[in-house]
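In what follows, chains carry the letters A, B, and so on, assigned in the order in which the sequence lines appear, proteins first and then strands, with residues in each chain numbered from 1.
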There are 2 protein chains.
Amino acid sequence: MTPEPIERPAEAEATRRVGRPRRDQHELLAAAAAVFVEHGVDAPVRVIAARAGVGMGTIYRHFPTRAELVVAVYRHQVEACAEAGPRLLAESATAEAALRAWVALFVEFLVTKHGLAGALRGDNAGSDALHGYFVDRLVPVCGSLLDAARAERGPSSAGQPVVNGYSLLKGIGNLCIGAAGDSDYDADQLVQALVSGALAGISST
Amino acid sequence: MTPEPIERPAEAEATRRVGRPRRDQHELLAAAAAVFVEHGVDAPVRVIAARAGVGMGTIYRHFPTRAELVVAVYRHQVEACAEAGPRLLAESATAEAALRAWVALFVEFLVTKHGLAGALRGDNAGSDALHGYFVDRLVPVCGSLLDAARAERGPSSAGQPVVNGYSLLKGIGNLCIGAAGDSDYDADQLVQALVSGALAGISST
DNA sequence: CAACAATACGGAGCGCTGTTCCGTTAAGCA
DNA sequence: TGCTTAACGGAACAGCGCTCCGTATTGTTG
């Protein structure tokens, strides 16, 4: 599909358009980021638009859905997180240490962005952009770290089912929900415990 | 506060009131339960009211908030789950087996009630009735099972921090979010892994 | 330089929530 | 039989994500 056209036909330069120029997306993203810091990721689109000094129509023209705006705001950090995976694996003494460090990085990212972890679960009609983006970008990274750490521990005891990268990533995301503002709940501790359990394999009945 | 009046003054029997009799709550609860099974716990109050053949005002007079209605619907099952804790501990060969069995029970309860786990996180103004009820009723149970299982394993390696009953319960609840309808995500497996990790204590850095 | 066409803009409006409010209805009592 | 009182029903409110269309602003053209 989309067989990559051999040559761009005409209008090579994209400056050949008429009409009003598009507003710079960076301003919108900056406003959204600022509002997210103050009011959390669940802040109303109206508030973001007001902060940017812009109508809501403009927001929705640049980012067709609320989730895509969130994705755009955090894209850089997610990308950095994804790239940190292979690097940690190369730098760390053991694969398990790399996995644990990467997981800690991810948890810190989620916990500091209030409401992000909660927004991550694709509860809206099937293809939620937010859920999808995180999964596409981070599951491979999480999966390879997990596999490497498991290989390091030697052959598994039996052919018993084993936690896969997707489950682990989604589980970590879920564990981070409601972590900020609940001092009795230590998401990082639980996630590290989950990693321990995922590496050990389940023993008892 | 509310120093428990020594003696009930007059009106000993409660049948001395005038005005219309209250509708039987059981009908409302039955309707709500039926709607929850069909459309999940997030079903609109309007739908529940319509199913019960009742106005919305009636729903809200019996259950001041949506969360309290949910609590009422599931109170019996939560109670049963709480009572299963001590029983399992008495019946099981080991405390760890009891903990794992209880946790499996809780997970099955949450996963089969679509959206319940998601509604559990108290994201609304502070004192969410749903979150509070589950915590009050189940944290003690979860905590004693966890302590018993840990005691069984012998003295902990050091004074390092350890997962408490509240964290474990909330963690389990979070892990169950979005479990139904995602065949690649096995909540029960992850929860058992979390239990393993919580019992083992975190090893690596 | 003056029309014009093309495009982005702004925000009122829609459909959907949970929750509140008040006029209406029906049961007990005199 | 009428009156008092409580519960009922559902219209109305505020807040959400998102859509739609008249308006404003640009680059192009005669």
Side chain to side chain donor-acceptor pair (under 3.5 Å) contacts touching residues 34-56 of chain A (sequence neighbours left out):
Glu38(A)-Arg51(A)
Quick one: list whatever passes side-chain hydrogen bond (donor to acceptor under 3.5 Å, both in side chains) with Arg66(A), sequence neighbours left out.
none
Apply side-chain hydrogen bond (donor to acceptor under 3.5 Å, both in side chains) to Glu79(B) and list each qualifying residue two or more places apart in sequence or on a separate chain.
Tyr133(B), Arg137(B)
Using a cut-off of strictly less than 4.0 Å between a heavy atom of the residue and any atom of DNA chain D, enumerate the qualifying residues of residues 55-70 of chain A by number.
Met56(A), Tyr60(A), Thr65(A), Arg66(A)
Does anything in residues 22-29 of chain A come within less than 4.0 Å of DNA chain D? Heavy atoms only, and list the residues if so.
none
Quick check against the 3.5 Å criterion: does [X] have a side-chain atom that pairs as donor or acceptor with the backbone of [Y]?
X         : Y         : result
Ser167(B) : Asp184(A) : yes
His131(A) : Leu120(A) : yes
Tyr185(A) : Leu168(B) : no
Lys170(B) : Val135(B) : no

Would you call the rings of Phe36(B) and Tyr74(B) parallel, tilted or perpendicular if under 30° counts as parallel and over 60° as perpendicular?
parallel
Relative to the ring of Phe109(B), is the ring of Phe134(B) parallel (under 30°), tilted (30 to 60°) or perpendicular (over 60°)?
parallel
Strand contacts (DNA chain C) in residues 33-45 of chain B, 4.0 angstrom heavy-atom criterion
Ala43(B), Pro44(B), Val45(B)
Between the base of dG18(C) and the side chain of Arg46(B), is there a donor-acceptor distance below 3.5 Å?
yes
Could you state the CZ-P distance from Arg20(B) to dA7(D), rounded to the nearest angstrom?
10 Å
Taking CG from Asp128(A) and C1' from dG17(D), how many angstroms apart are they, rounded to a whole number?
13 Å
Is it true that, when you exclude Glu108(B) itself, more than 12 heavy atoms of the residues, nucleotides or ligands shown sit nearer than 6.0 Å to its CD?
no
